[in-house]
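Read through the structure below, which is laid out as structure tokens, and then see the notes.
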Amino acid sequence: QVQLVESGGGLVQPGGSLRLSCAASRFSLDYYVIGWFRQVPGKEREGISCIDIAVGTTYYADSVKGRFTISRDHAKNTVYLQMNSLKPEDTAVYYCAGGRPLTSALMYTESEYEYWGQGTQVTVSS
């Protein structure tokens, strides 16, 4: 069974850092786009970053640009989201997803992603 498993969430103080991992099993990430989304209770899920593995192109939402970095480890079949300068408004459940969006305009469209992880909680609080 194809799986994406997130890890690395937790509680961190404002200004701190966390690194989330998205590990894939039973499929190679090589020809997929991997996206990171987050959701706060009562709000819609928000796409924040993604990487087109085949070409290495990365995308960031304005809300995280300059603070978050997406990367991949080919050998570990894993994508990372390095989150620095965290703010309380970054508190959410973070999900990774794998898919093949047809165009760059669809990079944050949930329906373009066929595989989803279970989510990991990130809480930014003093």
**OP:** Work out which heavy atom in Ser126 is nearest to a heavy atom in Pro14; give both atom names and the distance.
**Re:** N-CD, 3.7 Å
Original post:
Is a side-chain N or O of Ser111 found less than 3.5 angstrom from the main chain of Thr109, in a donor-acceptor match?
Top reply: no
Can I get a per-line list of side-chain donor-acceptor pairs under 3.5 Å for residues 95-106, giving both atom names and the distance, sequence neighbours left out?
residue	atom	partner	partner atom	Å
Arg100	NE	Tyr31	O	3.3
Thr103	OG1	Ala105	N	3.3

Original post:
Given side chains that start at C-beta, do those of Ile70 and Val79 come closer than 4.5 Å, heavy atoms only?
Top reply: yes
Original post:
Hey, does Ser63 have a side-chain heavy atom less than 4.5 Å from the side chain of Lys87?
Top reply: no
Subject >> Contact check, side chains of Gln121 and Thr91, non-hydrogen atoms, under 4.5 Å >> reply: yes
Subject >> Heavy atoms from other residues, nucleotides or ligands near CD of Glu89 exceed 12 (cutoff 6.0 Å) >> reply: yes
**OP:** Indicate if Phe27 and Val33 have the same hydrophobic cluster label, given that clusters are the connected sets of ILVMFWY residues with side-chain heavy-atom separations under 4.5 angstrom.
**Re:** no
**OP:** Verify the ring-centre separation between Trp116 and Phe37: is it less than 6.0 angstrom?
**Re:** yes
Subject >> Smallest separation among heavy atoms of Leu20 and Met83, with atom names >> reply: CG-CE, 3.7 Å
Subject >> Leu81 side, atom CG; Glu6 side, atom CD - distance, nearest 0.5 Å >> reply: 11.0 Å
**OP:** Please work out whether the ring planes of Tyr32 and Tyr115 are parallel, tilted or perpendicular, with thresholds of 30° and 60°.
**Re:** tilted
**OP:** Specify the closest pair of heavy atoms between Glu110 and Arg45, including all atoms of both residues, with the distance to one decimal.
**Re:** OE1-NH2, 3.0 Å
**OP:** Would you kindly confirm whether Trp36 and Val12 end up in one hydrophobic cluster when ILVMFWY residues are joined by side chain heavy atoms under 4.5 Å apart?
**Re:** yes
Original post:
Are Ile34 and Met107 connected, step by step, through hydrophobic side chains (Ile, Leu, Val, Met, Phe, Trp, Tyr) whose heavy atoms are closer than 4.5 Å?
Top reply: no
Original post:
Looking only at heavy atoms, what is the nearest atom pair of Asp90 and Ser85, with distance?
Top reply: OD2-O, 4.4 Å
Original post:
For the atom pair CG (Leu29) and SG (Cys22), what is the distance rounded to the nearest 0.5 Å?
Top reply: 7.0 Å
Subject >> Single-linkage hydrophobic cluster, 4.5 Å side-chain cutoff, Leu86 and Tyr60 together >> reply: yes
Original post:
Would you say the side-chain atoms of Thr123 pair up with the backbone N or O of Leu11, donor to acceptor, closer than 3.5 Å?
Top reply: no
Original post:
In Å, rounded to the nearest 0.5 Å, how long is the span from CZ of Arg38 to CD of Glu46?
Top reply: 4.5 Å
Subject >> Electrostatic pair Asp62-Lys65, nearest N-O below 4.0 angstrom >> reply: yes
Original post:
In Å, rounded to the nearest 0.5 Å, how long is the span from CD of Gln118 to CD of Gln3?
Top reply: 8.5 Å
Original post:
Given the rule that I, L, V, M, F, W and Y join up when any side-chain heavy atoms are under 4.5 Å apart, are Tyr80 and Leu18 in one cluster?
Top reply: no
Original post:
Does one side chain, of Asn84 or Ser17, offer a donor that lies under 3.5 Å from an acceptor on the other?
Top reply: yes
Side-chain polar contacts of residues 48-55 - donor-acceptor pairs under 3.5 angstrom, sequence neighbours left out - could you list them?
residue	atom	partner	partner atom	Å
Ser49	OG	Tyr59	O	3.0
Asp52	OD1	Ala54	N	3.3

Subject >> Of all pairs that satisfy salt bridge (Lys or Arg N to Asp or Glu O under 4.0 Å), the ones with a partner from residues 21-31, not counting sequence neighbours >> reply: Asp30-Arg72
